[in-house]
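Structure record follows, encoded as structure tokens.
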Protein chains: 2
Amino acid sequence: MVAPSSLEALIEALRCLPGVGPKSAQRMAYHLMQHDRSGARRLADGLLLALEALRHCRLCNTFSETEICGRCESGKRDARLLCVVETPVDMNMMEQTHAYSGLYYVLMGRVSPLDGIGPRELRLDRLLARACDGVVQEVIVATNYTNEGEATAHYLSEMLKNHGVTVSRIARGVPVGGELEYVDAGTLAQALRERRPLAE
Amino acid sequence: MVAPSSLEALIEALRCLPGVGPKSAQRMAYHLMQHDRSGARRLADGLLLALEALRHCRLCNTFSETEICGRCESGKRDARLLCVVETPVDMNMMEQTHAYSGLYYVLMGRVSPLDGIGPRELRLDRLLARACDGVVQEVIVATNYTNEGEATAHYLSEMLKNHGVTVSRIARGVPVGGELEYVDAGTLAQALRERRPLAE
């Protein structure tokens with residue numbers, strides 16, 4: 001087949017997107033070139049602008065266009081609390097609760113030996129330095145309750161305790177609105193083990 | 001939330017890709033910016049290059065970097081046969097059969113009234129001019145056997161016959177290797193209606 005090389009190159013380049021295989025990439029390329037050239041241009045511009053502008057906040061490690069992100073710089077948050085999350089999405093989820101007024105540290109990943117991601121790759125030394133700044137009094141570990149998130153929490157907890165930092169973990173149990181009938185046995189077992197005394 | 005505007009813009013721009021909703025776009029943007037910046041740059045370059053280089057072959061309407069694509073220009077194909085397909089992917093499928101040596105015309109779409117795509121949007125006048133060049137002796141309609149593909153075939157057939165062009169349609173029936181037990185009733189009914197005499 002006599003395929004234009006620029007089209008082949010575009011299809012190949014689209015495969016860098018997560019979850020996009022050869023068929024999807026082909027469909028995307030044809031769609032953009034046939035039906036949405038202005039969208040393709042906006043996407044190219046968006047990529048270049050983001051590559052140029054985005055870096056990581058020096059304090060919380062999330063994406064930021066400035067050395068220190070707006071949230072860390074605002075001064076309106078409780079600097080004694082530091083919540084550790086895996087991703088910026090998780091941070092947004094925490095914010096949407098309107099139940100937390102402290103600061104964050106975004107790992108931008110999780111400990112995952114199978115993927116070759118260990119403490120060094122996550123640069124946990126930066127988190128340690130952040131937690132030991134003399135202002136932080138408690139680190140709340142809010143990594144996922146998946147195997148990898150749990151392993152990360154365990155590692156963080158050991159590391160921080162060894163440096164005298166108070167560490168806590170978000171609670172695990174029956175979801176709000178959840179019915180016991182539909183909660184899996186593992187969750188229910190944990191909720192039972194981690195039961196709390198009721199105030200009178 | 002204090003989100004960097006370049007990140008928001010990238011997420012929005014990624015939504016021009018077919019099948020990509022807000023959640024996927026966010027995941028893609030975070031992935032590119034965190035884990036694959038070189039991939040993001042290749043994608044931006046690929047988009048810009050394709051936008052710059054790709055146009056449509058003047059003869060067969062497929063994507064091409066030159067005014068006339070390599071296949072149309074080769075002179076090795078049978079110019080008396082013109083096969084009409086919906087997309088470049090369909091053209092590739094036809095080529096993979098190694099059973100066709102004629103030329104193509106790629107509609108780059110199909111008649112689809114619900115999407116506001118009629119004969120004018122498909123620019124079928126260009127196909128008509130191509131089919132009436134004095135060399136083409138038969139137009140083989142190879143649009144899909146979907147409702148829209150069938151409607152397109154019907155429209156094309158009427159249009160071309162009115163101009164004295166011989167039109168044929170690829171056969172419909174039981175797939176090669178197919179067992180009657182697993183073929184749907186509609187296909188089987190068609191295969192029965194369109195049965196062919198067996199040579200002695």
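Residue numbers begin at 1 in each chain, while the letters A, B, ... track the order of the sequences.
Around the CZ atom of A:Arg37, the shell of radius 6.0 Å holds more than 12 heavy atoms that belong to other residues, nucleotides or ligands. In A:Glu194, the CD atom is crowded: over 12 heavy atoms of neighbouring residues, nucleotides or ligands sit closer than 6.0 Å. The number of heavy-atom neighbours closer than 6.0 Å to NE2 of A:His35, taken from other residues, nucleotides and ligands shown, is above 12. The environment of A:Asp184 atom CG is dense: over 12 non-hydrogen atoms of other residues, nucleotides or ligands sit within 6.0 angstrom. By the neighbour-count criterion of 12 heavy atoms within 6.0 Å, atom CZ of A:Arg172 is densely surrounded, having more than that number from other residues, nucleotides or ligands. Counted within 6.0 Å of CZ on A:Arg80, heavy atoms from surrounding residues, nucleotides or ligands total 12 or fewer; the atom is thus considered open. More than 12 heavy atoms of other residues, nucleotides or ligands sit less than 6.0 Å from atom CG of A:Asn162.
Note on B:Leu124: it clusters hydrophobically with B:Val167, by side-chain heavy-atom contacts below 4.5 Å among ILVMFWY residues.
For a residue to count as touching a neighbouring chain, one of its non-hydrogen atoms must lie under 4.5 Å from one of that chain's; by this rule B:Thr62 does not touch chain A. Residue contact with chain A, scored on non-hydrogen atoms closer than 4.5 Å, involves the backbone and the side chain of B:Leu7 alike. Neither the backbone nor the side chain of A:Ala9 comes within contact range of chain B; no heavy atom of the residue lies under 4.5 Å from a heavy atom of that chain. There is no contact between A:Ser38 and chain B, counting heavy-atom distances below 4.5 Å.
Of all heavy-atom pairs spanning B:Met33 and A:Leu54, the tightest one is CG-CD1, 3.7 Å. Between A:Phe63 and B:Pro4, the shortest heavy-atom distance links the atoms O-CG, 3.4 Å.
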Please determine whether side chain to side chain contact (heavy atoms under 4.5 Å, CB included) holds for the pair A:Leu43 and B:Leu10, giving the CA-CA distance in whole Å, both sets of side-chain angles, and the decisive distance to 0.1 Å. CA-CA 7 Å; A:Leu43 178 52; B:Leu10 174 57; 4.2 Å; yes

Passes side chain to side chain contact (heavy atoms under 4.5 Å, CB included), A:Arg41 versus B:Leu47? Steps please. CA-CA 7 Å; A:Arg41 189 165 297 281; B:Leu47 285 163; over 6 Å; no

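Note that the OG atom of B:Ser6 and the CG atom of A:Leu48 stand 12.0 Å from one another [nearest 0.5 Å].
If you tally non-hydrogen atom pairs under 4.5 Å between each of B:Ser64, B:Ala53, B:Ala50, B:Ser74 and chain A, the highest count goes to B:Ala50.
A:Glu158 is linked by a salt bridge (charged side-chain N to carboxylate O under 4.0 Å, His left out) to nothing, counting only residues two or more places apart in sequence or in another chain.
Contact annotation: the side chain of B:Thr87 never approaches that of A:Gln34 to less than 4.5 Å [non-hydrogen atoms, C-beta and beyond].
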Sequence neighbours left out, cut at 3.5 Å: what donor-acceptor pairs do the side chains of residues 99-117 of chain B make with other protein atoms?
from: B:Tyr100; atom 1: OH; to: B:Leu81; atom 2: O; distance (Å): 3.3
from: B:Tyr100; atom 1: OH; to: B:Cys83; atom 2: N; distance (Å): 3.0
from: B:Tyr100; atom 1: OH; to: B:Leu103; atom 2: N; distance (Å): 3.4
from: B:Tyr100; atom 1: OH; to: B:Leu103; atom 2: O; distance (Å): 2.6
from: B:Tyr104; atom 1: OH; to: B:Glu95; atom 2: OE2; distance (Å): 2.6
from: B:Arg110; atom 1: NE; to: B:Glu86; atom 2: OE1; distance (Å): 2.6
from: B:Arg110; atom 1: NH2; to: B:Glu86; atom 2: OE1; distance (Å): 3.3
from: B:Ser112; atom 1: OG; to: B:Asp115; atom 2: OD2; distance (Å): 2.9
from: B:Ser112; atom 1: OG; to: B:Glu148; atom 2: OE2; distance (Å): 3.0

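Other members of the hydrophobic cluster containing A:Val174, listed by chain and number, are A:Leu180, A:Val183, A:Leu188; membership follows side-chain contacts under 4.5 Å among ILVMFWY residues, whether direct or relayed.
Scanning residues 12-29 of chain B against chain A with a 4.5 Å non-hydrogen threshold yields B:Ala13, B:Leu14, B:Cys16, B:Leu17, B:Pro18, B:Val20, B:Gln26, B:Arg27, B:Met28, sorted by number.
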